[in-house]
2 protein chains.
Amino acid sequence: MKGRDVVLGLLMEKELSGYDIKMVFEEIFTHFFDGSFGMIYPTLRQLEKDGKIRKEVVMQDGKPNKKMFFITDEGRKEFQQYLQSDVEKEVLRSDFLMRMYFGKYSDVSTIQKWMEEEIKRKEADIEDLLSKYETWKKGITFEEEVSLEIGIATYTAEVETLKRKLTQLKKKDALE
Amino acid sequence: MKGRDVVLGLLMEKELSGYDIKMVFEEIFTHFFDGSFGMIYPTLRQLEKDGKIRKEVVMQDGKPNKKMFFITDEGRKEFQQYLQSDVEKEVLRSDFLMRMYFGKYSDVSTIQKWMEEEIKRKEADIEDLLSKYETWKKGITFEEEVSLEIGIATYTAEVETLKRKLTQLKKKDALE
DNA sequence: GCTGACATGTAAGCAGTTACATGATTAT
DNA sequence: ATAATCATGTAACTGCTTACATGTCAGC
């Protein structure tokens, strides 16, 4: 799965501008995908050159003009090909878990601070996903629901584990 | 957190060869970090050039010679600097969750297959983490325990969610 | 006049990956 | 012989990020 596949996938439903795409990345994909403007605009340009999408300039009032991109039949074909490829293994890169692994080179108060920060980050993520769930509840597809519920469940499990371990750490620290 | 920081971190404890480092990446960091030989060897070369590590060639019998790398005081300093930097937000890139989101462009049997495959992958990951837990139990540090338990808890939560949603999907499918 | 949301883009660089290339040694 | 494990490396490429650059329009 590349940025290109995701951009095509979003255009499958309706035409979007580069800016719109960035908004979707931030609102919906935050917990399992990321993409910057520096990736989006060059990708759109390349897709247009390849005949996978076409452009229409739309005048707006009250806002600057935008360039809307529509997927072509060629583009739909490419997206279907992506869906037929093997599912890639998920990639996680966690600085927090790495620091846990290297914990012996830090002191207990630092470890504790990192764990508390991670709990806060993840609790905020859970809040965010729950509010999305509430907002979309009506129109949501089964599969979108799966992606949301997995996010909520895994973050919740992480927070619970962290809170349990934090209590252990504090007990251990008080004894010494 | 870059590959460079992780390599230095591993050398904090004891000297290792490039090959040894790769083995650690595969055995211990699998679920939150990845690094190839193509990253490891150039990184070691650069670290040596920068005076952060030094090399010693070790003859082995029964095996090819290896180049062992030792961290220097300069190197320890750089690693401590990494530990003092802000914890980076974790990055997840999941092709599986993306396909869930784009589920409406696939059929139910494909979605079901993807979910079943993901359950299998994650169950294998859980088994793997549990066996590591058993193997290391005695010598494990508190922080290593945290990183293992988070892995086990989050994967378990994902598998449970997927199984629940899969049951829902099958019921829904049977009704239609 | 300035801030903030909306909007588009480029260029340089980075942190890797992928594919290739080589070779020792042991076990089958 | 030949596969498997151990071992080291390079070169080309890629898919992005970061920083920069520019501009519109609304509301305060």
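Here is the naming used below: chain letters follow the sequence lines, and residue numbers restart at 1 for every chain.
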**Prompt:** Which residue pairs pass the ring pair (Phe, Tyr, Trp, His ring centres under 6.0 Å) test when at least one of the two sits in residues 41-63 of chain B, sequence neighbours left out?
**Reply:** F37(B)-Y41(B)
**Message:** So that I can tick it off, tell me whether E118(A) and R121(A) are bridged by a salt bridge, with the cut-off set at under 4.0 angstrom between side-chain N and carboxylate O.
**Reply:** yes
**Item:** E143(A) bridged to K172(B) by N-O distance under 4.0 Å
**Value:** no
**Asked** Going by number, which of residues 12-23 of chain A have a non-hydrogen atom under 4.0 Å from DNA chain C?
**Response**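 Nucleic-acid contacts, sorted: S17(A), G18(A), Y19(A).
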**Request:** Return the residues of residues 39-51 of chain B meeting this criterion: a heavy atom under 4.0 Å from some atom of DNA chain C. Order them by number, or give none.
**Result:** M39(B)
**Prompt:** Is there a donor-acceptor pair under 3.5 Å between the side chain of E48(B) and the backbone N or O of R45(B)?
**Reply:** no
**Item:** Check: R93(B) side chain, R93(A) main-chain N or O, donor-acceptor pair, under 3.5 Å
**Value:**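 The answer is no, because no donor-acceptor pair under 3.5 Å joins these two groups.
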**Request:** Please list, in 5' to 3' order, the outermost nucleotides of DNA chain C lying under 4.0 Å from any heavy atom of chain B.
**Result:** dA15(C) to dT26(C)
**Prompt:** Without hydrogens or angle criteria, can the side chains of K171(A) and Q168(A) be said to hold a donor-acceptor pair below 3.5 Å?
**Reply:**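 The answer is no; no qualifying pair exists.
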**Asked** Honestly, is R99(B) close enough over Y82(A), meaning NZ or CZ under 6.0 Å from the six-membered ring centre and within 45° of the axis?
**Response** yes
**Item:** Over-ring placement of R76(B) relative to Y105(A), 6.0 Å and 45° cut-offs
**Value:** no
**Asked** Rounded to the Å, how far apart are E26(B) CD and dC6(D) P?
**Response** 10 Å
**Message:** Surrounding CZ of R164(A) (heavy atoms of other residues, nucleotides or ligands, distance under 6.0 Å), is the total greater than 12?
**Reply:** yes
**Message:** Could you check whether atom CD of E27(A) has more than 12 heavy atoms from other residues, nucleotides or ligands sitting under 6.0 Å from it?
**Reply:** no
**Asked** Which parts of nucleotides 23-28 of chain D does protein reach within less than 4.0 Å, heavy atoms only, written one letter per nucleotide 5' to 3' as B for base, S for sugar-phosphate only and - for none?
**Response** BBSS--
**Asked** Which residue pairs satisfy the side-chain hydrogen bond (donor to acceptor under 3.5 Å, both in side chains) criterion with at least one member in residues 150-162 of chain B, sequence neighbours excluded?
**Response**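 Pairs touching residues 150-162 of chain B that pass the test: K122(B)-E158(B).
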**Prompt:** Under the ring-ring contact (aromatic ring centres under 6.0 Å, His included) criterion, do F32(B) and Y101(A) qualify, and how do the steps go?
**Reply:** CA-CA 11 Å; F32(B) 59 87; Y101(A) 181 78; 7.4 Å; no
